[in-house]
Amino acid sequence: MTAPAQPQKQLVLLGAGHAHVHVLSTLATQPLPGVQITLIAPYPRQLYSGMVPGFVAGHYALEDCVIPLEPLLKNTGIRWLTRSATGLDANARTVTLDDGSSLSFDWLSVNTGPVQDRDQIEQAMPGAREHGLFVRPIETFGALWPQVADMAKTRALRVAVIGGGAAGIELAMAIRHGLSSSSVTLVTGAAAVAANYAPAVQQRVLKALKRRNITVLPDLAVGIQAGEVLLGCGARLACDVPLIATGAQAPSWLGSSGLALTGNGFIAVDACQRSTSHA
């Protein structure tokens, strides 16, 4: 008698970040026998975040910065769901999707990337939802930025980049290059510019910003209104485009996932990037 076929194991790839793009690119030639793989990714392509400043500066077209997913899935047998996750139960091994459906898994790989928590940012900076241009999700930012560039062709804009970390610094310099007739102000918050870097690096960054005539305001943005950013000192910064490049957060659905998390809400992992509570 023929032995009954063993049920396939279910591997879910949640997100199409850099790691998963690499995995997808190898599965056509190195399949996993006995494994049904499902990719959950809402967009038809992966926009490479490292090239976004170059896109803003005008060095690249948006299409130069993307990796289409469909060619990577050819001849792989991978099922692709164009959805996003809204929930995760690590103990029950299920992912809840944005259409209300759920998906079971034997193994889960998470590569969705960080987000900008709109609720959290709105609390700290009322008006951000209505008036701010958020850097994340990057796909949305990539679609909206050309509208800003078109406006800059008709008049000089006043751009405020809110966030003094690497992303804010790179984008401020890129905007200065791409929208040369516009003014650029970097609102760094209470911390110094490039606060996570060594003092010598901070000094070099400040000099580079000064050479490019980028104004640096070491103050908090506490609100955004039409045409202005409200500062912690009580002043109002005239602004046509408030670009929100503050630090990113973990997706909110991780909070109830049952996974062990770090102090700032990301998945706690070991040296091999495995969950410390659900290896």
Side-chain angles (χ1 to χ4, degrees), residues 52-53 56-57 114-138 140-141 144-145 147-152 154-250 252 263-265:
V52 168
V56 169
V115 300
Q116 286 184 297
D117 190 317
R118 298 292 201 273
D119 293 334
Q120 185 177 324
I121 293 172
E122 179 68 21
Q123 267 194 326
M125 203 185 312
R129 275 184 179 274
E130 181 178 358
H131 302 289
L133 175 57
F134 289 81
V135 173
R136 293 178 183 273
I138 295 174
T140 303
F141 175 77
L144 291 175
W145 183 255
Q147 298 179 31
V148 177
D150 286 342
M151 282 195 300
T154 63
R155 60 188 176 94
L157 298 177
R158 299 163 299 183
V159 182
V161 179
I162 301 170
I169 293 164
E170 282 193 309
L171 286 168
M173 293 185 181
I175 293 166
R176 160 57 64 221
H177 185 90
L179 311 181
S180 57
S181 63
S182 298
S183 66
V184 182
T185 301
L186 182 63
V187 183
T188 65
V193 172
N196 293 333
Y197 296 86
V201 175
Q202 294 176 24
Q203 291 303 313
R204 294 185 67 178
V205 169
L206 280 170
K207 289 177 182 177
L209 292 167
K210 186 176 180 179
R211 283 198 305 271
R212 290 162 175 79
N213 294 317
I214 296 171
T215 303
V216 177
L217 286 182
D219 202 346
L220 285 170
V222 296
I224 303 177
Q225 297 177 359
E228 60 186 13
V229 175
L230 310 182
L231 301 175
C233 67
R236 296 167 182 260
L237 173 66
C239 175
D240 301 302
V241 183
L243 178 60
I244 301 175
T246 51
Q249 295 82 40
S252 58
N264 55 359

(message) Tell me which pairs pass ring pair (Phe, Tyr, Trp, His ring centres under 6.0 Å) where either residue lies in residues 198-229, with sequence neighbours left out.
(response) none

(request) Name all pairs fulfilling the ring pair (Phe, Tyr, Trp, His ring centres under 6.0 Å) condition that reach into residues 163-195, sequence neighbours left out, sorted by first residue then second. (result) His59-His177

Please table the atom pairs, donor to acceptor, closer than 3.5 Å between any side-chain atom in residues 215-244 and protein atoms at least two apart or in another chain.
from   : atom 1 : to     : atom 2 : distance (Å)
Asp219 : OD1    : Gly232 : N      : 3.4
Asp219 : OD2    : Cys233 : N      : 3.2
Gln225 : OE1    : Arg236 : NH1    : 3.4
Glu228 : OE2    : Arg236 : NH1    : 2.6
Asp240 : OD1    : Arg158 : NH2    : 3.0
Asp240 : OD2    : Arg158 : N      : 2.8
Asp240 : OD2    : Arg158 : NE     : 3.1

(request) Check for a donor-acceptor pair, side chain of Arg212 on one end and backbone N or O of Ala208 on the other, with a separation under 3.5 Å. (result) yes

(request) For residues 193-235, pull every pair meeting ring pair (Phe, Tyr, Trp, His ring centres under 6.0 Å), keeping only residues two or more places apart or in separate chains. (result) none

(request) Could you note down all residue pairs passing ring pair (Phe, Tyr, Trp, His ring centres under 6.0 Å) where residues 203-222 supplies at least one of them, sequence neighbours left out? (result) none

Contacts table for residues 163-173: side-chain donor-acceptor under 3.5 angstrom, sequence neighbours left out:
none

(message) Could you work out, with side chain to side chain contact (heavy atoms under 4.5 Å, CB included) as the rule, every residue matching Ser252, not counting sequence neighbours?
(response) none

(message) Assess the residue pair Arg118 and Gln120 against the criterion (side-chain contact (heavy atoms from CB on, under 4.5 Å)); give the C-alpha distance rounded to whole Å, side-chain angles, the decisive distance to 0.1 Å, and a yes or no.
(response) CA-CA 6 Å; Arg118 298 292 201 273; Gln120 185 177 324; over 6 Å; no

(request) Return the minimal non-hydrogen interatomic distance between Ala194 and Gln202, and the atom names on each side. (result) O-CG, 3.3 Å

(request) To the nearest 0.5 Å, tell me how far Arg176 CZ sits from Ser181 OG. (result) 8.5 Å

(message) Could you work out, with side chain to side chain contact (heavy atoms under 4.5 Å, CB included) as the rule, every residue matching Gln203, not counting sequence neighbours?
(response) Leu206

(message) Tell me the closest heavy-atom pair linking Pro53 and Ala174, and the distance in Å.
(response) O-CB, 3.2 Å

(request) Could you list all the salt bridge (charged side-chain N to carboxylate O under 4.0 Å, His left out) pairs where at least one residue sits in residues 189-211, not counting sequence neighbours? (result) none

(request) Heavy atoms only: give me the nearest Ile121-Gln116 pair and the separation to one decimal. (result) CD1-CB, 3.9 Å

In residues 123-130, what donor-acceptor pairs under 3.5 Å come from side-chain atoms, sequence neighbours left out?
from   : atom 1 : to     : atom 2 : distance (Å)
Arg129 : NH2    : Asp119 : OD1    : 2.5

(message) Using the ring pair (Phe, Tyr, Trp, His ring centres under 6.0 Å) criterion, which residues pair with Phe141? Sequence neighbours excluded.
(response) Trp145

(message) For Ala248 versus Pro114, what's the shortest heavy-atom pair and its separation?
(response) CB-CB, 3.5 Å

(request) Would you name the heavy atoms of Leu179 and Ala152 that are closest together and state the gap between them? (result) CD2-CB, 3.7 Å

(message) Test of understanding: with side chain to side chain donor-acceptor pair (under 3.5 Å), list the residues that count as partners of Asn213, not counting sequence neighbours.
(response) none

(message) Nearest 0.5 Å, please: how far is CZ in Phe134 from CD1 in Ile162?
(response) 9.0 Å

